[in-house]
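All values below were derived from every heavy atom in this structure, side-chain atoms included, with hydrogens, water molecules and symmetry-related copies excluded.
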Amino acid sequence: MSDGTDDYVYDEASGEWISAADAAARAPGGDHDGGVEVRDAVGNVLADGDAVTLIKDLTVKGAGQTLKRGTLIKSIRLTGDAQEIDCKFDGIKGLVLRAEFVRKR
């Protein structure tokens with residue numbers, strides 16, 4: 001390459017070798033691995049480990065329970081989908097909630 005002071009990396013999107021500085025500038029600024037930004041009902045960005053509160057009553061299919069408005073859900077996990085979050089709640093295994101029904105605490 002030029003004088004040996006620049007590091008170059010292969011950019012798979014463009015198929016070209018670019019300088020490391022250019023690669024860092026092009027990299028998305030997301031906090032989590034998936035690169036998908038998950039937002040709650042009021043627009044707050046959610047991250048793994050956040051606590052959320054339900055903003056409406058939700059009937060849980062298969063569990064025979066209704067989660068009431070104001071219920072606190074601790075330690076959520078992002079699924080890679082912009083509208084779904086994975087969480088745990090007492091008595092309900094594999095609970096997945098839509099981000100539009102929660103608010104970050």
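A pairwise comparison of heavy atoms in T71 and F89 identifies CG2-CE1, 3.5 Å as the closest pair. Heavy atoms only, all atoms of each residue included: L72 and A51 are closest at CD1-CB, 4.1 Å.
For the pair V52/L46, a side-chain contact is recorded, criterion being any heavy-atom separation below 4.5 Å from C-beta on. When side chains are defined from C-beta on, V9 counts as touching I18, because their heavy atoms get closer than 4.5 Å. Using a 4.5 Å cut-off on side-chain heavy atoms (C-beta onward), V36 and T79 make no contact.
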Using distance only, find each side-chain donor-acceptor pair of residues 94-103 under 3.5 Å and give its atom names and separation, not counting sequence neighbours.
unit_1 : atom_1 : unit_2 : atom_2 : d
R98    : NE     : E100   : OE1    : 3.3
R98    : NH2    : E100   : OE1    : 3.1

Which side-chain N or O atoms in residues 53-65 pair as donor and acceptor under 3.5 Å with protein atoms at least two apart or in another chain?
unit_1 : atom_1 : unit_2 : atom_2 : d
D57    : OD1    : R69    : N      : 2.6

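Residues satisfying the salt bridge (charged side-chain N to carboxylate O under 4.0 Å, His left out) test with R105, not counting sequence neighbours, are none. Qualifying salt bridge (charged side-chain N to carboxylate O under 4.0 Å, His left out) partners for D40, counting only residues two or more places apart in sequence or in other chains: none. With sequence neighbours excluded, the residues forming a side chain to side chain donor-acceptor pair (under 3.5 Å) with D86 are R77, listed by chain and number.
Taken from CG in L78 to SG in C87, the straight-line distance is 11.0 Å, to the nearest 0.5 Å. How far CG of D48 is from CD1 of I76: 7.0 Å, rounded to the nearest 0.5 Å. For the atom pair K93 NZ and K88 NZ, the distance stands at 10.5 Å (nearest 0.5 Å).
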